[in-house]
Structures are given as C-alpha cells and as structure tokens.
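Down below is the structure, laid out as structure tokens.
Labels below follow one simple rule: chain letters A, B, ... track the order of the sequence lines, proteins then strands, and each chain is numbered from 1.
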Number of protein chains: 2
Amino acid sequence: MSFVITGGDAAGMSAASRAKRNKPDLDIIVLEQTSDVSYSACGMPYNIADPDREIDDLVVRHADVFRKSQKIDLRTGHRVDSIDRNKKTVSGTDLQGRQFSIPYERLLIATGASPIIPDLEGFNLPGVMALKYLSDGRRIKDYIKSQNVKKAVIVGMGYIALEMCEALRERNIEVDMVKPRQVFIPWMAEELSGVVREEIEAHSVGIHMGHRIEKITEPGSNSLEVVCSDLTLGCQMVLVATGVKPNSRLAANAALDLGPSGSIAVDRMLRTSDENIYSAGDCADAYNVITGQKTWVPLALRANRAGWAVGDNVTGKNVEIEGIVGSAVFKVFDLEVARTGLSVSEAEKAGFDPVEEVVKTRSRAHAHPGSKTLYIQIVGDRKSGRLLGMQIVGKEGAAHRIKAAAVALHQKMTVEAFSQCDFPYAPPFSPTWDPMLTAAIQLLKKL
Amino acid sequence: MSFVITGGDAAGMSAASRAKRNKPDLDIIVLEQTSDVSYSACGMPYNIADPDREIDDLVVRHADVFRKSQKIDLRTGHRVDSIDRNKKTVSGTDLQGRQFSIPYERLLIATGASPIIPDLEGFNLPGVMALKYLSDGRRIKDYIKSQNVKKAVIVGMGYIALEMCEALRERNIEVDMVKPRQVFIPWMAEELSGVVREEIEAHSVGIHMGHRIEKITEPGSNSLEVVCSDLTLGCQMVLVATGVKPNSRLAANAALDLGPSGSIAVDRMLRTSDENIYSAGDCADAYNVITGQKTWVPLALRANRAGWAVGDNVTGKNVEIEGIVGSAVFKVFDLEVARTGLSVSEAEKAGFDPVEEVVKTRSRAHAHPGSKTLYIQIVGDRKSGRLLGMQIVGKEGAAHRIKAAAVALHQKMTVEAFSQCDFPYAPPFSPTWDPMLTAAIQLLKKL
C-alpha cells in the first residue's frame with residue numbers, strides 16, 4: 001500500500017506518524033512545498049515578542065527525524081499541482097523546477113490554509129507581511145531588527161491580530177489596528193468584547209474601526225502609510241491579519257466536493273467524495289456537534305486529531321471523529337479570552353431560539369486577596385433548554401474553566417443539568433458557586 | 001406555614017434566604033448556637049496567613065442583614081437539644097441558659113460537622129486548637145499574636161492541615177506535621193502525592209508519618225510537646241486537623257435514618273426519613289452520581305446547593321438534586337491540587353474494574369516560556385470504558401481544568417468520548433492536545 005500526503009504540517013505529519021506506527025511497512029511519501037514541517041505555528045507571536053529567541057525554537061520535530069527515526073519519505077520543497085483521480089497520481093514541481101508524478105493508493109490532502117491578502121495597491125510592498133508559515137515569522141523578526149521598527153499597523157482584529165498586537169507592544173513597537181467593520185470582535189458578546197478592547201487600549205494600542213482600507217503607500221524609505229478613505233496611519237511595518245482561506249484549489253480542480261467557505265468536504269472518517277482521498281487540517285471541513293451541520297474551523301487541535309484519524313483509517317482502523325463544538329482561546333496582554341459553542345447569532349442561524357445571560361463575578365472567593373473580575377456569557381436554547389455556548393473573559397480562570405462547558409456541549413447537556421455540576425471549590429480559585437454555575441442559574445431564570 | 005432551621009451556616013442560611021425569596025410571608029426561625037452566621041469558613045487559613053486582616057473580613061453577611069433586610073427570625077446563641085417528632089417541636093437552650101421549645105411544620109437540620117479531637121491527654125490544653133468555626137480562626141490568630149508563636153505542630157495531613165501549613169509558614173512559623181498513617185494523601189495517586197510532599201518539604205515543613213500520637217504535654221509556659229511513641233515534637237501551638245464528623249446526634253436521638261459515616265440520610269429532595277424534616281449541609285449525606293451509592297462529603301458547594309433546594313422544596317417546588325461526583329481542590333504553596341470522581345481504591349470498592357494512567361506533561365505549548373510540569377492521573381472502568389476519576393497536580397492549570405472531567409463524570413462519559421472533546425488551545429495555556437486528552441488517550445491503550 002502506498003500512502004501519499006500532500007502537506008507536511010500538523011495534519012499531514014500526524015497522519016504520517018500515526019500510519020507508520022500502526023503499520024511500519026507502509027510506504028508513505030509526504031510532499032511539502034516549504035522546507036518546514038512540524039512547528040508550532042500558534043507559538044509564533046510569542047516567539048516574535050522575544051528578540052532573544054530563535055524562530056527555530058518552534059520546530060517540534062525536524063524533517064530529518066521523520067526521515068531517519070520514523071522512516072517516512074518526507075520530501076520538502078515539493079509542491080503538488082494536480083491530482084489525477086483516474087490514474088491515481090499526484091503531479092507537481094520541486095524547488096529545482098523538476099516535474100514529478102507519484103502514484104498513490106490512498107491520498108491525504110493536508111494543504112492547510114493561506115492568509116487572505118486584500119487585492120489592493122501596496123499589499124506587496126516589502127514591509128507588508130502576513131503571519132502563517134515559519135518563514136513569515138522569520139521574516140517579521142528579521143524585518144523588525146534590520147529596519148529597527150518602531151511603529152506598526154495591523155490590518156484586521158482576529159486572533160492573530162490580537163496576539164501580534166501584544167507581541168509587538170512587548171517589543172516596544174507602537175501599534176495601530178485598523179479594519180473596515182464597526183464591530184470589534186463580532187462573535188463575542190458586547191459586554192465581553194468591550195473588556196478586551198479596554199485591555200488593548202490600556203496598552204496604548206490604537207483601535208480604528210469602520211475604516212475601509214484603500215491602499216498602502218511607501219512615502220519614503222523605511223516608511224509606509226496605510227491609507228483609508230478617512231484616515232492615514234504611518235508606520236514602518238504592516239501586518240496583514242485579515243483571516244485565512246482553505247487551500248482547496250487542488251481538491252476543487254480534481255472535482256472533489258467542497259464544504260463551507262470553500263473547504264474540502266469530508267465525512268467523519270475524513271474521507272472526501274473520492275473514497276481513496278482523505279483530507280484533514282485547515283483545508284478540510286468538520287461537523288459541528290451542536291448543530292449537526294458542517295463548519296470550517298481551521299484550528300490546531302482539530303488538524304492534529306483529524307490527521308491522526310486518517311493515519312488510523314488508511315491502516316484499516318475505521319475511526320470516526322465526532323466533530324468540534326467551536327472552542328477557541330487566546331491571551332491578549334493580561335486577559336484570557338475563551339469561547340466554546342455558539343454565539344447568539346450563530347445559534348439563530350442554526351435554527352435555535354437562543355437566550356443569553358452575561359454575569360460579572362469575582363475570580364476568587366469572598367474576601368480572598370488578589371481576586372479579579374470574570375465575565376461570562378452563556379447561551380441556551382429556549383425550546384430544548386440545551387446549553388449552546390459560553391464565552392469567558394478575565395485575568396485568570398477563563399482559559400481552563402471553559403473546557404467544562406465544551407464537555408457539556410459535546411454531551412448536549414441542558415443548562416439545568418450543567419448548573420448541577422459538582423465543581424471543586426477553594427477560595428484561591430473561585431467563589432463557592434463557580435461563576436459558570438452562577439451564569440447557568442441566572443440563564444435558567446430566562447429559559 | 002412555619003419553617004424552623006437548626007444551624008445558621010451555609011446550608012441553613014441558603015435555605016432560609018431561598019425560602020423567603022420564594023414565599024415572603026413564610027415564617028422562618030433560624031436557631032444558631034454560635035454568634036456567627038454566613039462566613040467563609042474555607043477562607044480562614046488564608047486570613048490567618050495575614051496578620052493585618054481581621055477574621056471578620058470573612059463574614060459574608062451579618063446576622064442583622066438577615067434579620068432586617070430579609071425579615072428572617074434569626075436567633076443566634078440558640079442551641080437545639082432535641083426534636084420531638086410527634087409534637088413537632090424543637091427544644092433547646094439559649095446563651096442565658098433559658099430553655100426554649102418551638103413548634104415547626106417543616107424542620108431543616110443543618111447542624112454541620114465538628115472537628116474530631118482525639119481522646120488523648122493534653123488535647124484540651126490552651127495552645128491546642130482545631131479550625132472549624134469563625135471563633136476558632138479568631139482564637140488561633142489571637143494566640144499566634146499574644147504568644148508570639150514561632151513553632152507549631154499540625155496533627156493530621158488533610159486539606160485543612162495542608163492549607164494551614166502554608167498559612168503558618170507565611171507567618172514565618174516553623175511547622176511540623178505528624179500523623180499515624182504511613183500514606184501521605186491516601187486518596188491520591190502516589191506519583192502525584194509525591195509531588196505535593198516535595199512542594200511542602202521545599203518550604204521547610206517537617207512531614208512525620210507513621211507516628212502514633214500518645215499525648216500532648218506542656219513542659220513549660222508557652223511550650224508544648226506532641227509526644228509520639230518514637231518521636232517528640234516541641235512547639236508553642238498545636239493545630240488538630242484530623243478530620244470532621246457529622247453533627248447528627250440530634251437526628252439520631254430523634255430516630256432518623258443515618259447514612260455513611262453517621263451522617264443524616266436524605267433523598268434527592270433532601271428529605272430525611274421523616275417527611276417533615278429535611279437535612280442539608282455537612283451533617284447530611286448525598287448520592288455519588290458515579291456509583292449511585294450514598295456518600296458523605298462535607299463540602300461547601302454541596303451545602304449551599306442542598307440548602308437552596310430545601311428552601312425551594314419547603315415552598316412547594318419539588319426540586320431534586322442529582323448528587324456529587326467527588327470534586328475537591330486545594331492550594332498548597334505554589335501547587336494546585338485537584339480531584340474529581342473516584343480513586344482506584346474507591347472505584348474498586350464501588351464494584352468497578354479500575355485502570356489508571358498517570359501522565360506528566362507541560363502546562364504550556366512546546367517552547368512556550370514559563371511552562372510548568374503538570375501531573376494527571378486518570379481512572380477508567382475496564383468493563384464499561386467509563387471515565388471514573390481524575391486527579392491533577394501542578395503549578396498552573398489544575399484547579400480549573402479538572403472541571404471538564406467533573407462534567408464528564410456527571411454525564412457518565414466514556415474515556416473514549418472524553419478523549420474526543422474539543423478543548424481550546426493557545427500556547428500560553430496548554431500543548432495542542434490538552435494534557436487531559438493526552439491522559440485519556442494513554443488510558444485508552446490500557447482499557
């Protein structure tokens with residue numbers, strides 16, 4: 001059996017390693033267009049924050065380890081350009097410009113996602129960068145150093161934008177953030193996103209919303225301007241963080257079915273519409289357990305888990321993975337910002353009748369020193385009483401606490417059942433009633 | 001309707017407040033033998049740690065607030081001595097030695113628990129104290145100050161003992177801990193309890209296990225000795241923290257059914273074997289959701305929740321509470337120590353076929369600065385594949401993380417289903433695979 005994988009990041013290398021462990025004599029070829037495999041992409045903002053750390057610290061396992069220890073035929077600098085489903089071959093080009101064509105019995109498309117770069121003047125200037133690949137991280141660090149960057153503009157206000165605004169402030173770089181929409185974090189309850197905004201502004205970051213970006217100009221050397229219709233922001237570096245799109249062109253050209261946002265449609269066994277072709281990672285879709293509907297959420301845990309399941313399935317294990325509930329977390333300055341499940345508008349779109357409650361509580365017990373404010377938004381369904389989602393923002397106890405709500409969502413628990421949970425209590429960690437229980441009890445009154 | 005409550009702490013005052021809110025014209029009489037109601041007992045070690053804080057900081061709501069704002073007839077200094085179930089009266093004595101007898105239609109016994117004091121010579125000396133009531137906290141603080149305590153011995157190594165050893169070290173008091181059993185924390189996996197022990201010893205606390213205590217002597221003024229068969233520990237103060245027992249004598253004398261450890265048996269509506277008498281709080285038992293069996297776990301959340309349910313039920317709401325899963329957490333120096341569910345031996349006793357796994361992981365992502373070691377023990381049932389319990393020890397991310405496992409236990413989730421949960425990931429908070437997922441995946445290999 002020959003198993004070919006296009007894409008050597010989280011999903012691809014998880015699949016390769018898992019398949020090889022299950023079946024050591026399996027022929028595995030991994031084709032990766034860059035020279036980097038198996039690195040912590042999510043760690044890049046924190047690495048960029050520290051001028052004394054090398055970007056290569058983020059490499060979890062070097063290509064040679066896969067080759068030598070795991071006997072995986074890993075070919076970096078190999079870009080796959082097309083799939084011939086009839087002949088069962090993938091064709092492409094290597095770094096030297098040589099064409100290759102490789103037969104497969106099973107194929108995994110794990111091509112990931114790419115940053116969306118607006119098709120506007122100046123977005124190709126040298127000081128304008130996105131952050132996706134390890135090479136981007138290296139380039140940003142080098143640029144900050146060589147150009148002695150003192151001022152940056154971030155276009156976009158998503159996870160990466162927010163993490164990078166902290167990273168750049170850590171390096172004492174002035175930061176302005178700009179985007180066209182008027183809403184700061186659209187999926188977040190307003191009371192909570194306001195807290196995040198305050199935290200960012202308290203660190204002297206300029207937040208400019210409702211400004212349509214027209215172009216980026218270079219008025220002088222080491223000088224850029226982000227030009228909006230009614231605002232111009234000067235800087236030396238622009239980070240474009242306006243989201244990502246699935247790398248599904250290869251799949252689309254091979255006429256495989258696509259899912260939400262143009263991602264590659266897969267079933268619970270990670271099979272595409274071609275039974276010999278799997279897809280996993282940021283290029284593929286997933287089931288949302290709460291709605292039962294397809295969704296596209298390009299995040300690391302899903303990529304790893306899906307890759308692993310593909311490794312199992314190509315070696316005959318028939319593993320199904322249930323899906324996601326939509327959990328995410330980020331840190332911005334001193335705040336932990338966490339979500340799981342559906343926001344009110346997502347719940348409405350999915351056909352629920354959502355009711356929300358927002359509570360503001362203490363992170364520690366009555367009179368316990370060091371207590372911080374914790375904000376929790378909870379969403380339930382009026383018809384079924386089910387818990388649909390939760391968001392938590394606070395300086396402690398948000399990131400880990402929300403995992404309890406994620407389990408409840410996987411189990412389709414009602415808000416009432418959730419409110420009965422036996423959560424451990426000690427004064428340094430929470431009030432006697434955990435704030436999640438308080439939120440659930442308050443929501444019950446409305447349901 | 002007249003509703004009489006004996007005991008004005010967490011369960012009693014929760015019931016009184018809730019009942020009054022549901023039915024403002026209800027006659028409620030609360031009889032409390034001490035002068036303190038509604039204080040954070042669990043906060044006492046942290047208050048004792050700080051000489052500049054008043055113990056009264058821990059009072060959440062003063063007696064007069066209940067009397068004036070909530071119109072609850074709260075009678076402090078009133079000790080109930082007996083219940084006449086035929087006449088439906090409670091009788092007792094007040095602080096002035098006057099007898100009282102009060103009729104009830106519904107009665108709540110919320111008498112709490114008392115420290116177990118060994119029946120040995122010297123345990124009644126002035127410098128020998130337990131920590132249960134607010135008056136104990138006050139007495140300990142006063143004693144440390146007036147006697148200028150520099151050295152203390154703690155008898156016992158349970159939650160309170162461990163929290164108090166930290167509190168006393170904070171005040172720069174030398175601490176020795178002693179107990180007869182050879183096992184440090186019996187319910188804890190050995191790899192994890194070893195970590196706790198190291199943390200305590202690193203803070204210069206002497207841990208002396210396997211020493212039967214014979215007596216406490218007072219060789220001179222401001223000087224005590226805890227005498228064991230093969231060890232004598234000198235000090236100025238002894239804290240007795242050898243556990244608590246339910247205050248169920250009143251119930252036993254009234255021939256109500258008792259449950260585990262002599263606690264008062266109640267059903268899911270908190271009714272005792274007499275339909276007009278409820279019990280809640282540290283004196284009453286509970287169902288363990290995992291085993292379906294009765295258990296006695298005197299902890300604050302259960303007390304509050306049960307009291308609240310009684311308040312609902314005496315006002316006609318028919319609320320059932322499911323039970324507990326056995327969650328607890330404490331902090332000792334820089335460590336968070338958390339548990340939920342069953343230990344291996346508890347699982348065996350309950351008729352399961354437990355299998356455990358212990359993993360040692362990082363608290364943060366690969367290469368993320370500031371990462372700490374996290375130890376997780378997970379227990380599953382070989383027959384059903386069910387998750388039975390989890391314990392986590394670490395310097396960050398233990399206390400809140402374990403709530404996810406508590407939800408899974410309420411839902412009787414399998415280890416496999418738990419391993420599929422969508423937990424949010426960001427480098428400052430965990431590796432891509434949350435350590436709980438890693439633990440579950442490792443355990444699956446054994447199940």
Side-chain angles (χ1 to χ4, degrees), chain A residues 10 40 42-43 46-47 50 57-58 60 163 289 299-302 304-305 321-331 336 338-340 365-369 397 399-411 413 417-418 420-430 432-434 436, chain B residues 10 40 42-43 46-47 50 53 57-58 60 163 289 299-302 304-305 321-331 336 338-340 365-369 397 399-408 410-411 413 417-418 420-430 432-434 436:
Chain A
S40 171
C42 306
Y46 305 95
N47 185 291
D50 182 352
D57 286 358
L58 296 171
V60 178
E163 288 175 344
V289 173
L299 289 174
L301 175 62
R302 165 73 188 184
N304 278 274
R305 182 176 269 150
I321 59 173
E322 196 192 7
I324 59 142
V325 295
S327 304
V329 65
F330 62 91
K331 176 181 168 293
E336 303 180 1
R339 69 165 290 177
T340 189
H366 171 81
H368 198 87
H400 296 303
R401 182 172 259 126
I402 208 159
K403 292 166 194 171
V407 176
L409 292 171
H410 275 279
Q411 291 287 300
M413 240 173 147
F418 185 73
Q420 289 289 331
C421 280
D422 177 16
F423 291 142
Y425 159 65
F429 305 118
S430 70
T432 311
W433 294 86
D434 188 275
M436 292 189 292
Chain B
S40 171
C42 305
Y46 304 95
N47 185 292
D50 183 352
R53 281 178 65 202
D57 286 358
L58 296 171
V60 179
E163 288 175 343
V289 173
L299 290 174
L301 175 61
R302 165 72 189 185
N304 278 276
R305 182 177 268 150
I321 60 173
E322 197 191 8
I324 59 141
V325 295
S327 304
V329 64
F330 63 91
K331 176 182 167 293
E336 302 180 1
R339 68 166 290 177
T340 190
H366 171 81
H368 198 86
H400 296 303
R401 183 172 258 126
I402 209 159
K403 291 166 194 171
V407 176
H410 274 280
Q411 290 288 300
M413 238 173 151
F418 185 73
Q420 289 289 329
C421 280
D422 177 16
F423 291 143
Y425 159 64
F429 305 118
S430 70
T432 311
W433 294 87
D434 188 274
M436 294 189 291

Please identify, among [options], the residue contributing the most non-hydrogen atom pairs under 4.5 Å to chain B.
options                              : result
A/Ala328, A/Ala405, A/Ala365         : A/Ala328
A/Val325, A/Leu409, A/Thr340         : A/Val325
A/Lys331, A/Gln411, A/Arg302         : A/Gln411
A/Asp57, A/Leu301, A/Val289, A/Asn47 : A/Leu301

Need one label for [X]: side chain, backbone, both or neither, based on atoms under 4.5 Å from any heavy atom in chain B.
X        : result
A/Asp50  : neither
A/Ala338 : neither
A/Leu299 : neither
A/Ile402 : side chain
A/Thr432 : both

Which heavy-atom pair separates [X] from [Y] by the least distance, and what is that distance?
X        : Y        : answer
B/Phe423 : A/Ala406 : CD2-CB, 4.2 Å
A/Met413 : B/Val407 : SD-CG1, 3.7 Å
A/His410 : B/Gln420 : CE1-O, 3.6 Å
A/Pro424 : B/Ala399 : CG-O, 4.2 Å
B/Tyr425 : A/Val329 : C-CG1, 3.5 Å

Atom [atom1] in [X], atom [atom2] in [Y]: separation rounded to 0.5 Å?
X        : Y        : atom1 : atom2 : value
B/His400 : A/Asp434 : NE2   : CG    : 7.5 Å
A/His368 : B/Leu58  : NE2   : CG    : 10.5 Å
A/Trp433 : B/Asn304 : CH2   : CG    : 6.0 Å
A/Phe429 : B/Phe330 : CZ    : CZ    : 9.5 Å

Could you have a look at [options] and say which one has the most heavy-atom pairs with chain A under 4.5 angstrom?
options                      : answer
B/Cys421, B/Ala426, B/Cys42  : B/Cys421
B/Glu322, B/Met436, B/Glu336 : B/Glu336
B/Ala404, B/Ser40, B/Ala417  : B/Ala404

Donor-acceptor under 3.5 Å (B/Arg53 side chain, A/Ala367 main chain):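 At least one qualifying donor-acceptor pair exists.
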